[in-house]
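Only this structure's heavy atoms are used, side chains among them; waters, hydrogens and symmetry mates stay out. So you know, we letter chains A, B, ... as the sequences are listed, proteins then strands, and number each from 1.
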Protein chains: 2
Amino acid sequence: MKMEGGATPNALLGLLSLRPMSGYDIRQVISESIGYFWSESYGQIYPGLKRLEAEGLVSKKTVRGKGSPDRNVYSLTEDGRRKLREWLKLPVAEVVPRNELLLKLFFGAHVSPNVSREHVQAFLERCQEDLRVYGELEKGLRKKGVPESQLPFCMMTLNMGRHRSAAMVKWCEETIAELDKIERTAKGGK
Amino acid sequence: MKMEGGATPNALLGLLSLRPMSGYDIRQVISESIGYFWSESYGQIYPGLKRLEAEGLVSKKTVRGKGSPDRNVYSLTEDGRRKLREWLKLPVAEVVPRNELLLKLFFGAHVSPNVSREHVQAFLERCQEDLRVYGELEKGLRKKGVPESQLPFCMMTLNMGRHRSAAMVKWCEETIAELDKIERTAKGGK
DNA sequence: GAGGACATGTAATGTGTTACATGATTAA
DNA sequence: TTAATCATGTAACACATTACATGTCCTC
């Protein structure tokens with residue numbers, strides 16, 4: 001009867017495997033590590049940690065703050081570590097990710113090609129920005145204390161981002177050229 | 001107060017812009033057109049159509065079935081068409097799509113490299129299959145009655161899939177090689 | 001004294017899938 | 001007769017974000 005699908009609680013376990021953290025810390029760490037392919041809101045994190053504690057997968061230690069609020073620092077228990085390993089072994093649940101850009105582009109014939117062009121242009125800029133961020137992230141990895149054993153895995157995820165963004169940049173350029181062509185012929189044929 | 005974000009009702013409007021359809025039809029059409037980047041379940045479609053009708057964006061016509069159940073066929077009203085155009089002009093809401101494969105890969109140091117390798121291998125096969133499907137889809141487009149004006153937009157969405165899948169195939173191959181290297185050194189160093 | 005970072009948490013709301021319920025027709 | 005396809009719809013549940021509520025300390 002146990003649903004093993006839930007990626008969110010397992011993501012929390014994974015993050016706590018890096019080091020003991022509070023809910024607040026987790027949010028920070030996400031944004032500077034896996035933020036480009038995973039995110040969690042406080043509304044998921046705090047109740048999630050509470051549930052994991054009730055299941056004995058993490059343990060809480062309240063740290064009296066010196067000049068700051070109390071922190072609830074959670075760490076993985078042996079059970080939690082085992083649970084994480086089991087989840088990692090399960091096949092990846094594949095979903096079709098929704099792509100609103102493609103949806104709008106698909107129905108682009110209803111509006112001026114200019115509209116689609118701007119959507120693609122915005123996406124292009126975003127991809128270029130992402131490529132820049134991946135560079136920063138890599139620098140951060142090399143400097144900061146990422147365990148030797150974890151480093152190649154970080155790099156693999158970064159590399160997917162790079163391959164993806166580079167391909168998207170190419171597609172954007174081709175698509176913008178195509179949209180420009182459509183606009184020119186629309187104007188020329190008038 | 002109106003939330004304009006809702007992509008799902010707008011997706012329904014877009015699909016009905018192709019031709020009048022029943023909720024059942026919509027599901028079929030999705031799977032043979034935009035299914036690789038968008039999907040809707042009946043639980044969204046039927047209540048969604050009802051709501052759109054109440055707002056006057058679509059109109060319902062019940063067609064008595066000859067040897068099959070009655071069909072509720074919906075068509076776009078002028079208001080619906082206008083609403084669709086307005087939505088198409090709004091900037092694309094950008095979200096970070098979650099990627100469970102990357103999440104598992106990121107924490108791959110906790111399990112044998114073999115486990116990650118198999119996840120990537122499965123993803124590789126899926127991408128290759130996708131590339132094949134895009135070919136089929138394109139053939140279908142050329143044969144069937146897709147309006148001339150809509151065709152280039154279909155092709156643009158297909159091309160994004162192609163660029164993406166091709167990049168992913170390359171990444172998978174590189175990543176599998178890297179994982180093999182890790183496994184060899186782990187074995188060699190023992 | 002205003003604003004921002006630190007810190008925790010809940011409630012309301014939105015979004016979406018899955019399973020269920022129903023029932024006819026058609027092909028194996 | 002059994003399964004698949006056609007067809008519509010609801011209810012329960014799962015998942016997630018946002019806004020709100022609260023309060024401290026530190027810097028400008």
Side-chain angles (χ1 to χ4, degrees), chain A residues 1-12 20-32 34-35 37-54 58 60-74 87 93-100 103, chain B residues 1-12 20-32 35 37-54 58 60-74 93-100 103:
Chain A
M1 274 299 106
K2 255 189 200 160
M3 285 285 167
E4 284 302 329
T8 289
N10 287 295
L12 293 176
M21 280 187 277
S22 68
Y24 192 83
D25 292 337
I26 285 177
R27 258 251 137 151
Q28 309 300 105
V29 168
I30 284 177
S31 74
E32 55 199 46
I34 61 176
F37 63 80
W38 202 269
S39 73
E40 297 290 352
S41 60
Y42 288 129
Q44 290 282 106
I45 293 172
Y46 286 117
L49 289 171
K50 195 178 273 185
R51 222 172 313 120
L52 290 173
E53 196 200 1
V58 303
K60 181 166 84 173
K61 199 172 279 180
T62 300
V63 179
R64 295 263 152 237
K66 41 170 200 298
S68 57
D70 290 0
R71 291 159 42 79
N72 292 332
V73 177
Y74 294 86
W87 176 73
E94 41 180 300
V95 289
V96 179
R98 288 177 159 201
N99 189 323
E100 194 181 308
L103 188 62
Chain B
M1 273 298 108
K2 255 188 199 159
M3 284 284 168
E4 283 303 326
T8 289
N10 287 296
L12 293 175
M21 280 188 276
S22 69
Y24 192 83
D25 293 337
I26 285 176
R27 259 243 133 159
Q28 309 299 107
V29 167
I30 284 176
S31 74
E32 55 199 45
F37 63 80
W38 202 268
S39 73
E40 297 290 352
S41 61
Y42 288 128
Q44 291 282 103
I45 293 172
Y46 286 117
L49 289 172
K50 196 177 272 185
R51 222 172 312 119
L52 290 174
E53 197 201 359
V58 303
K60 181 166 83 171
K61 199 173 278 182
T62 300
V63 178
R64 296 263 153 238
K66 40 170 203 295
S68 56
D70 291 358
R71 290 158 44 77
N72 292 331
V73 176
Y74 294 85
E94 40 181 299
V95 289
V96 180
R98 289 176 158 201
N99 189 323
E100 194 180 309
L103 188 63

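A:V95 has its side chain out of reach of B:E100: every pair of non-hydrogen atoms, C-beta onward, lies at least 4.5 Å apart. Using a 4.5 Å heavy-atom cutoff, the side chains of A:I45 and A:R27 are in contact.
In the set D:dT10, D:dC15, C:dT8, the nucleotide with an atom closest to the side chain of B:P47 is D:dT10. Here the nucleotide nearest the side chain of B:R71, chosen from C:dG16, C:dC6, D:dA7, is D:dA7.
A donor-acceptor contact shorter than 3.5 Å is absent between the side chain of B:R71 and the backbone of B:T62.
The side chain of B:Y24 places an N or O atom within less than 4.0 Å of a non-bridging phosphate oxygen (OP1 or OP2) of D:dC6. Within the 4.0 Å cut-off from OP1 or OP2 of C:dT8, not a single side-chain nitrogen or oxygen of A:K50 is found. Within the 4.0 Å cut-off from OP1 or OP2 of C:dT8, not a single side-chain nitrogen or oxygen of A:T62 is found. Residue A:Y42 has no polar side-chain atom (N or O) positioned under 4.0 Å from OP1 or OP2 of C:dG9. Distances shorter than 4.0 Å separate none of the side-chain N or O atoms of B:S41 from OP1 or OP2 on C:dT18. Residue A:T8 has a polar side-chain atom (N or O) positioned under 4.0 Å from OP1 or OP2 of D:dA16.
Going from atom CE of A:M21 over to atom C1' of C:dT8 covers 17 Å, rounded to whole Å. Distance CG (B:D25) to P (D:dT5): 16 Å, rounded to an integer number of Å. Computed from coordinates, the B:N72 CG to D:dA7 C1' distance equals 9 Å when rounded to whole Å. Taking atom CG of A:L49 as the reference point, atom P of C:dG9 lies 8 Å away to the nearest angstrom. Remark: P of D:dC15 and CH2 of A:W38 are 11 Å apart, rounded to the nearest angstrom. Rounded to whole Å, the distance from CD1 on B:I30 to P on C:dG16 is 12 Å. Rounded to whole Å, atom P of D:dA16 lies 11 Å from atom CG of A:L12. The distance between atom CD of A:E53 and atom C1' of C:dG9, rounded to the nearest whole Å, is 14 Å.
Taken from CG in A:L12 to CZ in A:R51, the straight-line distance is 9.0 Å, to the nearest 0.5 Å. Of the inter-residue distances, the one linking B:I26 atom CD1 with B:S31 atom OG reads 12.5 Å to the nearest 0.5 angstrom.
Both A:R27 and B:K60 lie close to DNA chain D; mapped to their nearest nucleotides by heavy-atom distance, the more 5′-ward contact belongs to B:K60.
Nucleic acid contact for A:R98: sugar-phosphate only, since backbone atoms but no base atoms lie under 4.0 Å from a heavy atom of the residue.
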